Every structure is written in C-alpha cells, then in structure tokens.
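Data first, discussion second: the structure below is written as structure tokens.
When reading the values below, keep in mind they use all heavy atoms of this one structure, side chains included, and skip hydrogens, waters and symmetry mates. Quick caveat: nothing in here was measured; it's all calculated off a predicted structure. Naming convention: chains lettered A, B, ... in sequence-line order (proteins, then strands); numbering from 1 in each chain.
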2 protein chains.
Amino acid sequence: MTSFRKARHADLPAIVRLLADDMLGRSRETVSDPVHPRYEQAFAAIEADANQLLAVAVDGEGGIAGCLQLSFIPGLSRTGMWRAQIESVRIAEVHRGGGLGSRFIEWAVERAVERGCRLVRLTSDKTRPDAIRFYEKLGFTADHEGLKRSL
Amino acid sequence: MTSFRKARHADLPAIVRLLADDMLGRSRETVSDPVHPRYEQAFAAIEADANQLLAVAVDGEGGIAGCLQLSFIPGLSRTGMWRAQIESVRIAEVHRGGGLGSRFIEWAVERAVERGCRLVRLTSDKTRPDAIRFYEKLGFTADHEGLKRSL
C-alpha cells in the first residue's frame with residue numbers, strides 16, 4: 001500500500017531520478033552519484049522554508065513512487081487568502097495508471113486545507129495535454145494563462 | 001518621478017484600495033477603515049516570510065501608484081533552480097498607459113535576479129487579454145495552462 005509523507009534527505013537521489021525520467025525533465029536534470037551539489041542546496045533551501053513541503057509517495061517496499069512540491073503562499077488579494085501551489089509532480093512509470101497520482105494530489109490538497117489555504121493552483125506545460133486533462137478531472141479549471149520568462 | 005520599494009505597514013490601506021479597484025478585485029476585496037483584520041494577518045504573514053516581497057510604486061507626491069507581490073521559490077527541478085513568481089499586480093487608474101507597469105515589472109525582475117532566480121513566472125486570468133499581451137511584450141511566453149481549484 002502506498003503512503004505519502006514529507007521527503008527526507010535520504011530520498012533525494014530517488015527524487016532526482018524521478019525528475020529526470022520525464023519528457024521535459026530529461027534535458028533539464030543532471031543525474032549523478034552523489035547528486036549534484038545544486039540539488040543538495042535546493043533541498044536545504046526547501047527544508048529551511050516553513051512554507052515549502054517536498055513530499056514523496058512511498059510504495060509497499062519503501063521505494064519512492066512519486067514526488068511533488070507544495071508551496072503555501074500568503075497574499076493580500078482575495079481578502080488576505082493563503083493559496084497553495086503544487087509543482088514538480090512526478091509518478092514513477094511503473095506506478096502510473098492506478099490512481100496513485102490522484103490520491104497524491106488529494107493528499108496534497110488536504111495539507112493545503114490544514115494550512116488554511118482556500119485555493120490550490122498549479123501550472124502545466126501546454127505540451128502535456130494528458131496532465132492538463134488529469135487535473136481537470138480532479139476539479140481544477142484552466143482559467144489562467146501561465147507565462148514565464150527565463151532570466 | 002515614480003520609485004519602487006518594499007511595502008510598509010502604513011501602505012496597507014492604499015494597497016487594499018488598489019486591489020479592490022479592479023474588474024475582478026471589486027467582488028473579491030473588502031474596503032474598510034480600518035482595513036479588515038484578514039489583510040492585517042496576511043500582511044504580517046508576508047512580512048514574516050523572507051521569500052515574499054510585497055512592493056509598491058510610489059509617485060512623486062508619495063502616493064501609492066501600484067503594488068505587486070514577488071515570491072522566491074526554491075525547488076529541485078531544473079537542477080535546483082530558484083524561481084520567482086509575480087502576482088497581485090495593480091497600477092492605479094491615473095498612472096496607467098505611461099510605462100509605469102513595465103518599469104515596475106522590470107524592477108521586480110531585477111530583484112529576482114539578485115536572489116539567484118533563473119526563471120520568473122506569473123499567471124494571468126484569461127479574461128484579461130490586455131494583461132496577457134502586456135506580459136508577452138515584456139518577453140514572457142504563455143506556454144503553460146494555469147489551473148486552480150477552490151478549497
């Protein structure tokens with residue numbers, strides 16, 4: 001039975017492999033042993049920020065079956081509403097299609113509710129139509145454009 | 001001459017008025033004197049989070065001409081890349097059309113670069129085509145869907 005929990009430092013190599021095992025991640029990530037120092041620095045920055053939650057899905061044998069990052073963002077607009085944001089969602093190939101992704105997102109939504117968020121949002125690359133349909137089935141509406149600029 | 005700086009507590013009533021003076025904000029915000037306690041709580045939460053920057057544009061007479069919120073988000077993906085996110089951007093009606101918005105966004109981008117971010121992103125409601133064009137002119141590309149779910 002799969003369970004969900006906050007990521008530990010020992011999970012980092014498995015998380016990096018998950019991020020790299022992806023259509024877009026392939027060219028963006030660096031898989032090495034030990035993991036690249038930039039991942040270590042990023043893990044430490046996430047750990048140091050009480051408004052970030054890096055989470056993993058763990059399968060019955062203790063293997064890392066998925067990961068996601070949840071950010072809790074305070075804001076003035078909508079009468080001072082906290083919002084939650086989900087990103088870097090990955091489910092291991094072998095665990096896809098069995099509802100794990102949906103349960104993981106609902107687990108993340110529960111964490112957002114616990115933290116007083118009244119909105120959860122995410123962006124999905126337009127080249128991932130399956131991902132967009134997945135989130136729409138979970139009750140998300142694609143009513144925003146997601147814009148970015150590299151620095 | 002307009003300048004940009006971190007918001008102070010004394011700016012809060014003017015920021016709330018700006019947020020409310022907007023097509024979508026009108027129904028979402030509460031303008032009162034003193035400001036609603038929820039705005040006070042949100043302002044305190046933003047102040048307490050070193051990865052949030054609430055900023056204002058100040059005109060030559062010291063009036064609040066605009067506001068925005070910048071979030072600095074650590075993450076593992078893209079080899080541990082920090083990303084910056086801009087939201088709740090508002091420019092006072094009387095200050096629109098003169099390039100203030102562009103200069104304010106570029107000021108925010110500079111803060112993101114200072115903090116080591118290599119990507120800046122934002123979402124814009126699809127019912128705001130002018131805003132989307134504005135960001136595209138500033139070099140943003142709308143390659144993501146922005147999805148949200150109310151909690």
Side-chain angles (χ1 to χ4, degrees), chain A residues 12 15-16 19 25 28-30 36 38-43 45-46 49-52 54 67 69 71 73-82 84-85 87-88 109 112-113 117-127 132 135-136 138-151, chain B residues 12 15-16 19 25 28-30 36 38-43 45-46 49-52 54 67 69 71 73-82 84-85 87-88 109 112-113 117-127 132 135-136 138-151:
Chain A
L12 188 52
I15 297 171
V16 172
L19 292 174
R28 292 174 178 171
E29 308 302 339
T30 303
H36 194 287
R38 294 237 299 255
Y39 291 116
E40 292 284 356
Q41 288 159 15
F43 186 87
I46 292 168
D49 183 339
N51 287 333
Q52 304 297 329
L54 182 68
C67 63
Q69 182 177 345
S71 303
I73 303 178
L76 287 177
S77 58
R78 296 182 181 232
T79 327
M81 184 185 66
W82 279 81
Q85 189 164 294
E87 67 187 299
S88 301
V109 164
V113 170
C117 298
R118 287 188 293 131
L119 187 81
V120 58
R121 67 188 180 190
L122 56 88
T123 66
S124 193
D125 198 298
K126 288 178 180 173
T127 64
I132 294 164
Y135 292 116
E136 286 178 332
L138 292 178
F140 287 79
T141 49
D143 50 15
H144 279 59
E145 288 286 346
L147 299 108
K148 71 173 200 298
R149 174 172 144 185
S150 292
L151 301 178
Chain B
L12 188 53
I15 297 172
V16 172
L19 292 174
R28 292 174 178 171
E29 309 301 339
T30 303
H36 194 286
R38 295 237 298 256
Y39 291 116
E40 292 284 355
Q41 289 158 16
F43 186 87
I46 293 168
D49 183 340
N51 287 333
Q52 304 297 328
L54 182 68
C67 64
Q69 182 176 344
S71 303
I73 303 178
L76 287 177
S77 58
R78 298 184 181 228
T79 328
M81 185 184 66
W82 279 80
Q85 189 163 293
E87 68 186 299
S88 301
V109 164
V113 169
C117 299
R118 289 187 293 128
L119 186 81
V120 58
R121 68 188 180 192
L122 55 88
T123 66
S124 192
D125 198 296
K126 288 178 181 175
T127 63
I132 293 164
Y135 292 115
E136 286 179 331
L138 292 177
F140 287 79
T141 49
D143 50 14
H144 279 60
E145 288 286 346
L147 299 108
K148 71 174 200 297
R149 174 172 145 185
S150 291
L151 301 179

Please state whether the side chain, the backbone, both or neither of [X] comes within less than 4.5 Å of a heavy atom of chain B.
X	value
A:Asp49	side chain
A:Ser124	both
A:Leu138	both
A:Leu19	side chain

Find the one option among [options] whose heavy-atom pairs under 4.5 Å with chain B are most numerous.
options	result
A:Gln85, A:Arg78, A:Gln69, A:Glu40	A:Arg78
A:Gly146, A:Ala112, A:Ala42	A:Gly146
A:Ala50, A:Gly80, A:Ala142	A:Ala142

For [X] and [Y], which heavy atoms make the closest approach, and how far apart are they?
X	Y	answer
A:Leu151	B:Cys117	CD1-O, 3.4 Å
A:Ala45	B:Trp82	CB-CZ2, 3.6 Å
B:Leu76	A:Ile15	CD1-CG2, 3.6 Å
B:Ile73	A:Ser71	CG2-OG, 3.8 Å
A:Ile46	B:Gly75	CD1-CA, 3.9 Å

What part of B:Gln52 gets closer than 4.5 Å to chain A, counting heavy atoms only: side chain, backbone, both or neither? side chain
Are side-chain heavy atoms of [X] and [Y] found at a separation under 4.5 Å?
X	Y	value
A:Thr123	B:Glu145	no
A:Asn51	B:Asn51	no
B:Thr79	A:Glu29	yes
B:Met81	A:Arg28	no

Test of understanding: with side-chain hydrogen bond (donor to acceptor under 3.5 Å, both in side chains), list the residues that count as partners of B:Ser88, not counting sequence neighbours. A:Ser77
NZ of B:Lys148 to CG of A:Asp143: how many Å apart, nearest 0.5 Å? 3.0 Å
Under 4.5 Å, counting heavy-atom pairs only, tell me which of B:Ala84, B:Ser150, B:Cys67 racks up the most with chain A. B:Ser150
Taking only residues two or more places apart in sequence, or in another chain, which ones meet A:Arg121 in a salt bridge (charged side-chain N to carboxylate O under 4.0 Å, His left out)? B:Glu87
